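Encoded as C-alpha cells, the structure appears first; notes follow it.
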Amino acid sequence: MGSISTQLESVYRLKCSCNSYPWGKQGKNSLSARLCENGQGWTGDGPNQDFKVDESKPYAEMWMGTYPVLPSYVHSTGEDLQDVIDRYSNELVGEQVIKKFGHSKLPYLPKVLSIAKALPLQLHPNKEKASKLHEEKPDAFTDPNHKPEIALALTEFEAFCGFKPLKQIADLMKLDSLHRFMPAEGNAPDAEFTDDILKEVVRNMLETDDDAVTETFNFLTRTSPDRFKELNAEHIPKLAPRLAQQYDQSDPGILVALITMNYLVLQPGESIYIPADGIHAYLSGDIIECMARSNNVLNTGLCPKAERSNVELFCSCLMFSPHSPEESLLRSKQYQRGRQGKTNVFAPPMSEFNVLETKLAGGEREELAAVNGPSIVVVTKGSASMEANGKQYELEEGYVFFVAQGVELDFNAGKEGVLMHTIFVE
Ligand SMILES: [Zn+2]
C-alpha cells in the first residue's frame with residue numbers, strides 16, 4: 001500500500017481516522033470510534049494499520065477529508081486522498097471550485113463528534129485575524145483560514161452557542177455576587193446594557209481570580225432555582241454542579257457560559273451555525289460537525305489553565321451574533337436536487353459547503369443530481385447500495401466516500417433503512 005498510484009474514478013471509498021481527547025466518549029460508547037472501526041479506518045502513522053477501538057480511551061472526533069492533521073486515504077490503494085485530488089484536480093474537484101477558492105484542496109472539513117463532557121469554551125478567529133496569528137505563531141495556528149462551522153445533532157445534543165439577548169443578561173447581572181463583574185460605566189443609574197458592556201463583563205469574568213469565581217459559583221448554587229426560573233435561566237442551577245464536576249468550580253468558563261450564553265438542547269436532525277468569531281462550547285451528544293478548512297481555535301475556559309488562550313486576544317475577537325437561541329439555529333429545507341424528496345439541505349450563510357441529510361426507510365430510494373464540485377458521503381446509520389456512473393458500491397455504517405464533481409448518485413436503502421450525510425461545495 002502507499003506506493004500504488006490510484007487511478008481516476010468517480011468514487012473512492014476512504015479510510016478515515018478518529019482522535020482521542022479527554023472530552024470524548026469512552027471506547028465503544030463513542031459513535032465516532034464505532035463508525036471509524038466499522039469503516040475500517042486507520043490509526044497510528046498511516047493507512048497500513050486498521051483502526052480498532054481501545055476501551056480504555058475516550059474517542060472524540062472522526063475527521064473526513066484532506067486536512068493534514070488527520071487526513072483520509074483511498075481505501076483500495078492507501079494513497080493520501082489529497083495527492084489523488086492534486087493529480088486529477090479538474091476531474092475530481094472541477095474548474096468552478098478550483099477557481100472559486102484558488103486551490104484544489106477540499107474547502108471543508110467534516111467530522112463526527114462524540115461528546116461526553118463540555119468542550120473548551122472557544123471561538124475560531126476570522127480570516128484577517130487567522131492569517132495574522134498564523135504568520136506570528138504557525139505552530140499554534142496551523143493555517144490562515146477562518147473556521148465557521150455547523151453542528152448537526154445525531155442524538156440529543158446540548159450546546160452553549162452565542163450570547164443571550166442583552167436584556168436577559170442584564171437581569172442576571174443584577175444578582176448579588178455578579179455585580180462585581182460589571183464595568184463602572186455599566187453601573188451608572190441610567191446606563192443601558194450594550195454589547196460593549198457585555199464584552200467587559202466577559203473579560204472581567206475571565207480575568208478575575210479563582211477565589212472570586214468560586215465565590216460566585218457558590219452563590220449560584222445557593223440561590224433558589226425559582227429565582228432563576230423568573231429570570232428565564234432554569235438551566236443554571238442544573239448545569240452548574242455538572243460543569244464544576246467536569247472541570248473545576250474556579251473555572252471562569254462556567255460563569256461565562258451560564259450567565260451570558262444561550263443554552264440549547266437540540267434533537268436529532270436539528271442544527272446550529274457558528275459564524276467566525278462566534279463564541280460556543282458543546283456539552284454532550286453525537287453530532288456531525290462541518291467547518292471551513294481550518295484548525296484554528298482560541299480556548300478560554302472549560303479547560304485546564306495551561307490551555308487557555310490569552311484573554312485579551314479572545315475578547316478582541318468576540319462577536320455578538322447570534323444573540324438568541326433562535327438566531328443560533330440553522331433550519332434545513334427540502335433539497336430540490338434530491339429527486340425522490342428524501343433529502344434535506346442545511347445551507348449555512350458561507351460559501352465553503354452545504355450539508356445534506358438523506359433518510360431512507362427499508363427499501364426506499366433516493367437519487368441525488370450531480371453537483372459542480374466534490375462531495376464527501378458518510379453513512380451514519382444503516383446500510384444501502386449506491387450506483388454511480390454504472391458502478392455499484394456497498395454502503396455500511398461508518399463507510400465514507402469521496403465523490404467527484406459531476407457524478408449523479410442513486411441510493412437503495414437496505415432492510416433497516418439508512419441515514420447518510422453528504423457534504424458538498426460548488
Ligand atoms: Zn468550534
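Numbering of ligands and ligand atoms starts at 1, following listing order. From a predicted model like this one, the values you see are computed outputs, not experimental measurements.
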>> Here's one to test your reading of the geometry: is the NZ or CZ of Lys111 within 45 degrees of the ring axis of Trp63 and under 6.0 Å from its centre?
In response: yes

> Does Arg293 make a cation-pi contact with Tyr108, if we ask for NZ or CZ under 6.0 Å from the ring centre and within 45° of the axis?
Replying inline: no

Starting from the Zn ion (ligand 1), look over the N/O/S atoms of [X] and name the nearest one.
| X | answer |
| --- | --- |
| His280 | NE2 |
| His124 | NE2 |
| Glu149 | OE2 |

> Judged by modelled atom types alone, do Ser383 and Glu396 share a side-chain donor-acceptor pair under 3.5 Å?
Replying inline: no

> If you measure only the distance, is there a donor-acceptor pair under 3.5 Å linking the side chains of Glu158 and His235?
Replying inline: no

> How about Met291: does one of its N, O or S atoms come closer than 2.8 Å to the Zn ion (ligand 1)?
Replying inline: no

